[in-house]
Amino acid sequence: MIAKVIEELLNKLIEEAQEEGLLSKDAKPRFQVEPPKVAHHGDYATNLALASAKLSTRNPRELAQWFTQRLLVFKDLFSKVEVAGPGFINFFISPSYWQSLPASIMEMGDAYGRSDVGEGRRVQIEFVSANPTGPLHIGHGRGAAVGDTLARILLFAGFEVEKEYYINDVGRQMQILGRSVYLRALELQGQPVDFPDDHYKGDYIRQLAAELLKKDPTFVQRPENEAVSIARDFAKEAILAQIRKDLEDFGVSYDSWFSEKTLYEHSEVEKALSFLKDKGLIYEKDGALWFRASEFGDEKDRVVIRASGEPTYFASDIAYHYNKFFTRNFEKVIDVWGADHHGYIPRLKAAVKALGLDPNNLKVILIQMVNLLQGGEIKSMSTRAGEFVTLRELLDEVGRDATRFIFLTRRADSPLDFDVDLAKQQSQENPVYYVQYAHARLCSIFRKAKEARIFLPPIDKIDTSFLNTPEDYTLLKLLDYFPDIIEEVALKLEPHLLTFYLLDLATVFHNYYAKYRFLDQHEPTTWARLLLAHATRIVLAQGLWLLGVSAPEKM
RNA sequence: GCGCCCAUAGCUCAACCGGAUAGAGCGUUGGGCUUCGAACCCAAAGGCUGGAGGUUCGAGUCCUCCUGGGCGCGCCA
C-alpha cells in the first residue's frame, strides 16, 4: 500500500517538475514503484527518472536528484531516499510506518485489502460452460478454479461481478446425447443395438437410461424421435443437476445459468443478426448467410445461417454477446475458455466490433490443457469415449482445497500435467498444507495465549516499536503488499499471483516463528507480536478465502 | 501451408506494463524440537533463461530468423 502512497507523491512532483520546465508537458512518464530484489536498495525503488529521461532536459541522475530532494521532507514516511545506479530512486521506509500497520489491519479486519479500483463497474465472468453431455472432468475443474477465484477477487477489488454458466442446450450434440441414452435403454430391454461410434459411450449413459426406464418404463415404445426427445431432456436435466452439485462441492456458485435456447425463444439471435444485416455485414453465398468477419480482423468470413436454414453455434454466440453487452448492459465481459478455442477469438472479437463495441471490453482467458498423468504416462481424455478423470473423482480423492490450490499455482496459459497418483498418494506434501499450516499455527498461538491468560490491551496501548527486527520488517512489508496484489490480480486477471503471494507470506511467517517466540517473557513484546500475529492471520485467511480454500484452525 | 501459445535449476513452476546479483517447491547432501504445533526452520550444491542476430543506458521479458513441443485453421460445438 505504501507503493501507492509513493506513486501519488511522485505524480504530484511530476506536475511540479513540468511547471518548472524540468519535464516536458507533452507526455506523462510511465514509471513503476516496486520492491527491489536486493535489500540494500531499500524497501521500494522507482525507475521514474530513467523512464522519463527522454522527456527531460537533464540526465537521469540529475533528475533523480531533484526528486529526491523534494521527497526528503516527508520524514515520517521515509528514513532515507537516495539516488542509485543509473538513476533509480531508492526509498527506505521509516519504521514507524511499518509498525503502525498491524493495528490498522486489525481494525479493518477482513476488509483489509479491499479496493475500489473497480469503481463499481459491472463485470460478467462466464466460465466452465461445459456442454451438458457428460460429467465435468479435470480440465473443467481448472476453469472453475480460475473463474471462481477471479470473480471473488474482482468483487473484492470493487467490481460488481456476475458469474454465469452458459448452457449449450441447442444443436446436434444434444440430439446425440438423447439418442445415446435411448439406444442404451433399448439395450437394457434386451434389444440388439448397433451403437454408433460418434455417440457418448460413458457408463453414465447406461445409468441415465436405467433411471429413465424406471421413471417412464414405456418411453422406448414411442416413435424414435419422440423417445429421443424425452431421453434428451431427461439426460440434460440430470447431467446439469450433477454438474451443479459438483461445482457446488468445489466451492463454486453461479449467479445465473444461461440457456442458449432462450436466445432463440426471445428471438435475440434474429435481433443480433438483423442488427448486422442493417449495417450491410451479412450476405448470401452458396445458400448460406455469411458475416463479414474479415472486415473486422478475422481471417475469413463466417457462416451464421447454414444452407439448411439452421443457425451455427457462432450465430448463437453473436447473440449471446449482444445480450451480454446490450440487453444486460455489462461494461466488461470475461469469457474463460479452453485453450483449444483460441482460434475462435478473432471471430468473436470481430463480431463484437461489428456490434459497435470496443473489443477491449471483451477479455478471453484461455485455460491451457490439463494433461492427465497416470503411471508416468499421459492419458488422453475424451468425453465421447468416456475416458477421463472427473472433477468428482478429484474432489473425493484429492480434496477440494488441494485441487483448487494446485490449479492456481500455475499461470492459466501454461499447460499443466496433473499427476493423479502423486496428488492422491502424496497429498500431504501439497503446498496448500504449507499455507494452511501457517494459519493453524497462528490459531494455536492464540489458544495458548488464552490458556496462559494473556489478553491484549486496547490497541492504542500496544507499543509496536518492539516490532523492530529484520524479520518483523520483512513480515510487515509483505502484509502491506497484500492490497497491491489484489489490484494487480484484478487488473491482469492472473489469480496465480495471489497463490504465490500466500506461499511467500507463509514462508516468511514460518521463518519468523522459528526464530522468535510470540509469547515472550517480556509482556509488551508479547502484545506487539500478538498484534502482528493477528494481522498475519487476517491476511492469510482472507487470501485463502479468495482462492476458495479453507483456513483451518487446527489440522 | 497459415495462425495462436509455449521453451527458465535434475523435476514442477515463478519473476509485478524492459530494471540493479533470474527466485521458490520437490528431489539430493548436511544441520536444528526438555520452551508458542517439526505438516516447520537453517545451510549447501544445482543456470550461457532452447539457438543466432537486432533494438537501448539496461532484455528471461520487445523485434527478426532458426530448432523443438502444444493447439487451432468446418455450413462441428
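Sequence lines set the chain letters: A, B, ... in the order given, protein chains first and strands last, and positions in each chain run from 1.
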Subject >> Spacing between A:Asp413 atom CG and B:rG69 atom P, to the nearest angstrom >> reply: 21 Å

Subject >> Whole-Å gap separating C1' (B:rC36) and CZ (A:Phe509) >> reply: 9 Å

**OP:** Please list, chain by chain and in numerical order, all residues satisfying side chain to side chain contact (heavy atoms under 4.5 Å, CB included) with A:Asn511, sequence neighbours excluded.
**Re:** A:Glu471

**OP:** Examine A:Phe92 together with A:Tyr44 and report whether their ring centres are nearer than 6.0 Å.
**Re:** no

Subject >> Nearest-Å distance once atom P is located in both B:rU61 and B:rU49 >> reply: 10 Å

Original post:
Glycosidic conformation of B:rC33, syn or anti, with 90° from 0 as the boundary?
Top reply: syn

**OP:** Could you check whether A:Tyr516 gets within reach of a base, just the sugar-phosphate, or nothing at all, counting any heavy atom under 4.0 Å?
**Re:** base

**OP:** Could you check how far CD of A:Glu62 sits from P of B:rC57, rounded to whole Å?
**Re:** 17 Å

**OP:** Under 4.0 Å between any heavy atoms, over every strand shown, what does A:Ser316 touch: base, sugar-phosphate, or nothing? Just pick one.
**Re:** nothing

Original post:
Touch check for A:Ala440, heavy atoms < 4.0 angstrom, all strands: base, sugar-phosphate only, or nothing?
Top reply: base

**OP:** Output all residues satisfying side chain to side chain contact (heavy atoms under 4.5 Å, CB included) with A:Ile538, sequence neighbours left out; order by chain, then residue number.
**Re:** A:Ile105, A:Met106

**OP:** In whole angstrom, give me the gap between the C1' atoms of B:rC62 and B:rC42.
**Re:** 40 Å

Original post:
Atom CD of A:Gln175 to atom C1' of B:rA77: distance rounded to whole Å?
Top reply: 14 Å

**OP:** Mind listing the residues from residues 489-502 of chain A sitting with a heavy atom below 4.0 Å of RNA chain B? Number order is fine.
**Re:** A:Lys492, A:His496, A:Leu497, A:Phe500

What nitrogen or oxygen pairs link the protein and nucleotides 72-76 of chain B at under 3.5 Å?
| unit_1 | atom_1 | unit_2 | atom_2 | d |
| --- | --- | --- | --- | --- |
| B:rC75 | O3' | A:Arg306 | NE | 3.1 |
| B:rC75 | O2 | A:Ala307 | N | 2.9 |
| B:rC75 | N4 | A:Asp286 | O | 2.9 |
| B:rC76 | OP2 | A:Arg306 | NE | 2.6 |
| B:rC76 | OP2 | A:Arg306 | NH2 | 3.1 |
| B:rC76 | O3' | A:Arg306 | NH2 | 3.3 |

**OP:** Would you mind reading off the distance between A:Asp198 atom CG and B:rA77 atom P, rounded to a whole angstrom?
**Re:** 14 Å

Subject >> Nearest-angstrom distance from the residue atom CZ of A:Arg537 to C1' of B:rG37 >> reply: 17 Å

**OP:** Determine which pairs satisfy salt bridge (Lys or Arg N to Asp or Glu O under 4.0 Å) with at least one residue from residues 498-511 of chain A, sequence neighbours left out, and list them in order.
**Re:** none

Original post:
Considering only the C1' atoms, how many Å lie between B:rG37 and B:rG32, rounded to the nearest integer?
Top reply: 16 Å

Subject >> Atom-to-atom span, CG of A:Leu416 to C1' of B:rC13 - whole angstrom >> reply: 10 Å

Subject >> Separation of the C1' atoms in B:rA77 and B:rG72, to the nearest angstrom >> reply: 14 Å

Would you give me the side-chain donor-acceptor pairs under 3.5 Å for residues 441-453 of chain A, sequence neighbours excluded?
| unit_1 | atom_1 | unit_2 | atom_2 | d |
| --- | --- | --- | --- | --- |
| A:Arg441 | NH1 | A:His510 | ND1 | 3.1 |
| A:Arg447 | NH1 | A:Glu553 | O | 3.2 |

**OP:** Please answer whether the main-chain N or O of A:Ala45 pairs with a side-chain N or O of A:Glu34 as donor and acceptor at a distance below 3.5 Å.
**Re:** no

Subject >> Note: A:Lys236-A:Asp169 ion pair, threshold 4.0 Å (strictly below) >> reply: yes

Original post:
If we take the P atom in both B:rC48 and B:rU8, what is their distance in whole Å?
Top reply: 12 Å

Using the 3.5 Å cut-off, write out each protein N or O paired with an N or O of nucleotides 20-22 of chain B and the distance between them.
| unit_1 | atom_1 | unit_2 | atom_2 | d |
| --- | --- | --- | --- | --- |
| B:rA20 | OP2 | A:Lys37 | NZ | 2.9 |
| B:rA20 | N6 | A:Asn90 | OD1 | 2.7 |
| B:rA20 | N3 | A:His41 | NE2 | 3.3 |

**OP:** Write down the distance between CG (A:Asp504) and P (B:rA14), rounded to a whole number of angstrom.
**Re:** 15 Å

**OP:** Please give the nucleotide sitting opposite B:rA24 as a Watson-Crick or G-U wobble pair, both distances under 3.5 Å, or none.
**Re:** B:rU12

**OP:** Can you run down the salt bridge (Lys or Arg N to Asp or Glu O under 4.0 Å) pairs that involve residues 340-353 of chain A, sequence neighbours left out, and say none if there aren't any?
**Re:** none

Original post:
Can you list every side-chain hydrogen bond (donor to acceptor under 3.5 Å, both in side chains) pair that touches residues 520-531 of chain A, not counting sequence neighbours?
Top reply: A:Tyr512-A:Arg529, A:His522-A:Thr525

Original post:
Would you say the side-chain atoms of A:Asp335 and A:Tyr166 include a donor-acceptor pair closer than 3.5 Å?
Top reply: no

Original post:
Ring centres of A:Tyr320 and A:Phe258 under 6.0 Å apart?
Top reply: yes

Subject >> Between A:Gln368 and A:Asp413, a side-chain donor and acceptor under 3.5 Å >> reply: no

Original post:
B:rG68 and B:rG10: how far apart are their P atoms, nearest whole angstrom?
Top reply: 22 Å

Subject >> Base paired to B:rG3 (Watson-Crick or G-U; both N/O distances under 3.5 angstrom) >> reply: B:rC71

Subject >> C1' atoms of B:rA7 and B:rA14, separation to the nearest Å >> reply: 15 Å

Subject >> Donor on one side chain, acceptor on other, A:Glu260 and A:Ser316, under 3.5 Å >> reply: yes

Where do N or O atoms of nucleotides 40-46 of chain B meet protein N or O atoms at under 3.5 Å, pair by pair?
| unit_1 | atom_1 | unit_2 | atom_2 | d |
| --- | --- | --- | --- | --- |
| B:rC40 | O2' | A:Arg441 | NH1 | 3.0 |
| B:rC41 | OP1 | A:Tyr434 | OH | 2.3 |
| B:rC42 | OP1 | A:Asn511 | ND2 | 2.5 |

Original post:
Watson-Crick or G-U wobble partner for B:rG18, using a 3.5 Å limit on both distances?
Top reply: none

**OP:** Could you measure between the two C1' atoms, the one in B:rA15 and the one in B:rU21, and give it in whole Å?
**Re:** 14 Å

**OP:** With heavy atoms under 4.0 Å as the rule, sort A:Pro60 into base, sugar-phosphate or nothing.
**Re:** nothing

Determine all donor-acceptor pairs shorter than 3.5 Å in which one atom belongs to a side chain in residues 476-487 of chain A; sequence neighbours excluded.
| unit_1 | atom_1 | unit_2 | atom_2 | d |
| --- | --- | --- | --- | --- |
| A:Lys477 | NZ | A:Asp43 | OD1 | 3.3 |
| A:Asp480 | OD1 | A:Tyr97 | OH | 2.8 |
| A:Asp480 | OD2 | A:Met1 | N | 3.0 |
| A:Asp480 | OD2 | A:Ile2 | N | 3.1 |
| A:Asp484 | OD2 | A:Met1 | N | 2.7 |
| A:Glu487 | OE2 | A:Lys4 | NZ | 3.1 |
| A:Glu487 | OE2 | A:Ser115 | OG | 3.1 |

Subject >> Under 3.5 Å on both distances, the Watson-Crick or G-U partner of B:rA52 >> reply: B:rU64

Original post:
Starting at the 5' end of RNA chain B and moving along, which residue's nearest nucleotide shows up first, A:Tyr512 or A:Glu260?
Top reply: A:Tyr512

Subject >> Check: A:Thr312/A:Arg302 side-chain N/O donor and acceptor closer than 3.5 Å >> reply: no

**OP:** Between A:Glu488 and A:Leu50, name the one whose nearest nucleotide on RNA chain B is closer to the 5' end.
**Re:** A:Glu488

**OP:** Can you sort out the partners of A:Arg179 under side chain to side chain contact (heavy atoms under 4.5 Å, CB included), two or more places apart, ordered by chain and number?
**Re:** A:Leu183, A:Pro196, A:His199, A:Glu224, A:Val228

**OP:** Indicate, with a heavy-atom threshold strictly under 4.0 Å, whether A:Met369 touches base, sugar-phosphate, or nothing.
**Re:** nothing

